[in-house]
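What follows is a single structure, written as structure tokens, with notes after it.
Since we're looking at a predicted model, the values are computed, not measured.
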Amino acid sequence: MVALDDKAKIIFDTYLQTNKSFELFAGKYGITDIYTDNNIKQLQQAIYLDLRLNSSRTSFDAVDRDGNFWELKSLNINSSRKEFSTSRHLTLEILERYTQCFWAFSVYNQTELEAIYVMPSHSLFPYFYKWDVELERGRYLNNPKIPLTYVQEHGIKVYDRITDIVLDPILALQNKERTS
């Protein structure tokens, strides 16, 4: 039998009780369980980028105020291979969806948000083309990756922890398109 650590139980129960109000807050963004599927990180991204989260697992992750769709990706720079995961079971249908949205890439240091980069889908076409060729050949693609270095080089940094300033992602993307 395992000895019950009463102090740990009290701390944990207090933590859970405190989080009940946070769960109610997250529910306003469509999140019913903050502890699964990176939901708490997606909630933070939605708040910082002014997005509404989509509760469906078979569609875009979020939508902005102008009706644009978004894919949200995140990585932990301490436990990751410095690459963003995409889809566990990439199909031509999912790949088509990827070409029709904006992308937000969030970089975490454990649980602390360090930076957010955004980019239009056409900036990712070199990866989409490569994946499309593989899928058309009948290959199975399990979770193809997008390197952090590529995102840093081609994305627009709209949040940085040091400055703690969040730029409007829609305006940042529009400004980049005008200057390109």
hydrophobic_cluster_shared for Tyr48 and Leu43, side chain cutoff 4.5 Å:
yes
Could you check whether any side-chain N or O of Lys82 sits under 3.5 Å from a backbone N or O of Pro147, counting only pairs where one atom can act as donor and the other as acceptor?
no
Quick one: do Asp61 and Gln42 satisfy side-chain contact (heavy atoms from CB on, under 4.5 Å)? Show the steps, please.
CA-CA 9 Å; Asp61 293 328; Gln42 283 201 338; 3.8 Å; yes
Scan Tyr98, Trp70, Phe69, Phe84 and name whichever one has a ring-ring contact (aromatic ring centres under 6.0 Å, His included) with Trp103.
Tyr98
Could you work out, with ring pair (Phe, Tyr, Trp, His ring centres under 6.0 Å) as the rule, every residue matching Tyr108, not counting sequence neighbours?
none
Would a hydrophobic clustering, with Ile, Leu, Val, Met, Phe, Trp and Tyr connected at side-chain separations under 4.5 Å, put Tyr150 with Tyr129?
no
Glu96 and Thr99: which non-hydrogen atoms are nearest, and at how many Å?
O-OG1, 2.6 Å
Donor-acceptor pair, distance only, cut-off 3.5 Å: does the side chain of Gln45 make one with the backbone of Lys41?
yes
Using ring pair (Phe, Tyr, Trp, His ring centres under 6.0 Å) as the criterion, list what pairs up with Phe125, not counting sequence neighbours.
Phe128
Exercise: identify the closest heavy-atom pair between Ser87 and Pro144:
O-CD, 3.8 Å
Heavy atoms from other residues, nucleotides or ligands near CZ of Phe25 exceed 12 (cutoff 6.0 Å):
yes
Among all residues two or more places apart in sequence or in another chain, which pass the ring pair (Phe, Tyr, Trp, His ring centres under 6.0 Å) test with Tyr117?
none
So, taking the atom named CD in Glu83 and the one named OG1 in Thr149, what distance separates them when rounded to the nearest 0.5 Å?
8.5 Å
Go through the steps for Leu113 and Arg161 under the test side-chain contact (heavy atoms from CB on, under 4.5 Å), then give the verdict.
CA-CA 7 Å; Leu113 181 61; Arg161 182 187 57 78; over 6 Å; no
Stepwise side-chain contact (heavy atoms from CB on, under 4.5 Å) check, Leu51 with Leu72:
CA-CA 10 Å; Leu51 303 173; Leu72 306 177; 3.8 Å; yes
About how many Å separate CD of Gln100 and CG of Leu95, when rounded to the nearest 0.5 Å?
10.0 Å
Grab the two heavy atoms, one from Val118 and one from Val158, that are nearest each other, plus how far apart they are.
CG2-CG1, 3.7 Å
Minimum heavy-atom distance Glu114-Asn109, with the two atoms named
OE2-CB, 3.4 Å
Would you say Leu167 ends up clustered with Ile170 if hydrophobic residues are merged whenever their side chains have heavy atoms under 4.5 Å apart, either directly or through other cluster members?
no
Quick check against the 3.5 Å criterion: does Asp160 have a side-chain atom that pairs as donor or acceptor with the backbone of Ala115?
no
Could you tell me the separation between the CD atom of Glu112 and the CD1 atom of Ile77, rounded to the nearest 0.5 Å?
9.5 Å
Would you mind listing every salt bridge (charged side-chain N to carboxylate O under 4.0 Å, His left out) that reaches into residues 116-130, with sequence neighbours excluded?
none
Under a 4.5 Å cut-off applied to non-hydrogen side-chain atoms, are Phe102 and Met119 in contact?
no
List the steps, then state whether side-chain contact (heavy atoms from CB on, under 4.5 Å) holds for Leu90 with Asn142.
CA-CA 6 Å; Leu90 187 66; Asn142 181 21; over 6 Å; no
The complete set of salt bridge (charged side-chain N to carboxylate O under 4.0 Å, His left out) pairs with one or both residues in residues 42-53, sequence neighbours excluded, reads Asp50-Arg65
Which residue pairs pass the salt bridge (charged side-chain N to carboxylate O under 4.0 Å, His left out) test when at least one of the two sits in residues 13-25, sequence neighbours left out?
Lys9-Asp13
Side chains of Val107 and Ile116 in contact at under 4.5 Å (non-hydrogen atoms):
no
Please report the interatomic distance CH2(Trp131) to CG(Leu141), rounded to the nearest 0.5 Å.
8.5 Å
Distance in Å, His154 NE2 paired with Ile146 CD1, rounded so as to fall on 0.5 Å steps
11.5 Å
Minimum side-chain heavy-atom gap Ile10-Lys7 below 4.5 Å
no
On a heavy-atom basis, which atom in Cys101 and which in Ser121 lie closest, and how many Å separate them?
O-CB, 3.2 Å
Is there a side-chain contact between Pro169 and Asp64, using heavy atoms and a 4.5 Å cut-off?
no
Near Leu24 CG, under 6.0 Å, is it more than 12 heavy atoms from other residues, nucleotides or ligands?
yes
Output for pair (Glu153 CD, Leu148 CG), nearest 0.5 Å, gives 9.5 Å
Shared hydrophobic cluster, Ile165 / Ile156 (ILVMFWY, side-chain heavy atoms < 4.5 Å)
yes
Sidechain-backbone polar pair: Ser74 side chain, Ser106 backbone, donor-acceptor under 3.5 Å:
no
With no hydrogens and no angle check, is any side-chain donor or acceptor of Lys157 less than 3.5 Å from a backbone partner on Gly155?
no
